[in-house]
Amino acid sequence: MPTTLGTCIGNQMPERIQAGRYLPYTAYPVFKIPISQPGVLWAAFSTLSYQSDYGLLAPIEDEALIASYTELLIQALEREQAPEE
């Protein structure tokens, strides 16, 4: 079961998980895992700082920084030809 930060993902709807060759630049299959709580995974990654908070106890609340990281993530997904969903 795929996990992130100690949480299983896809366990809410395992029958909807798909595997296939969705990326045009590789023959390797990847998983499409439906997320029942949009934004939870990105929030977990974008609002923590290993440099200033090694224990990851205090989320970053700087809206400009979060917006900047969001834009960088969008650019990376586009560069990697990630599927729209």
Side-chain angles (χ1 to χ4, degrees):
M1 175 62 61
T3 62
T4 181
L5 297 176
T7 301
C8 291
I9 56 175
N11 59 347
Q12 302 284 327
M13 300 170 271
E15 68 281 355
R16 292 184 53 206
I17 295 174
Q18 299 175 15
R21 290 170 174 83
Y22 305 114
L23 302 176
Y25 54 85
T26 182
Y28 285 97
V30 295
F31 288 105
K32 284 187 181 180
I33 302 173
I35 302 297
S36 59
Q37 298 173 319
V40 170
L41 295 177
W42 172 238
F45 289 112
S46 71
T47 60
L48 300 171
S49 172
Y50 285 108
Q51 285 88 13
S52 62
D53 181 17
Y54 190 76
L56 302 178
L57 302 174
I60 296 170
E61 296 180 3
D62 182 336
E63 293 299 321
L65 183 59
I66 293 171
S68 172
Y69 286 167
T70 300
E71 183 57 34
L72 289 171
L73 176 62
I74 290 168
Q75 290 173 12
L77 290 169
E78 289 172 348
R79 185 174 54 250
E80 296 302 322
Q81 303 172 23
E84 285 294 319
E85 66 275 10

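Judged by distance alone, with hydrogens and angles left aside, the side-chain atoms of Thr70 form a donor-acceptor pair with the main-chain N or O of Ile66 at under 3.5 Å.
For Glu15, the side chain to side chain contact (heavy atoms under 4.5 Å, CB included) partners are Met13, not counting sequence neighbours.
Taken to the nearest 0.5 Å, the CG atom of Leu73 stands 10.0 Å off from the CD atom of Glu78.
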Run the side-chain donor-acceptor check on residues 18-27: report pairs under 3.5 Å with partners two or more places apart or on a different chain.
from: Gln18; atom 1: OE1; to: Tyr22; atom 2: OH; distance (Å): 3.2
from: Arg21; atom 1: NE; to: Ala27; atom 2: O; distance (Å): 2.5
from: Tyr25; atom 1: OH; to: Glu80; atom 2: O; distance (Å): 3.2
from: Thr26; atom 1: OG1; to: Tyr28; atom 2: N; distance (Å): 3.1

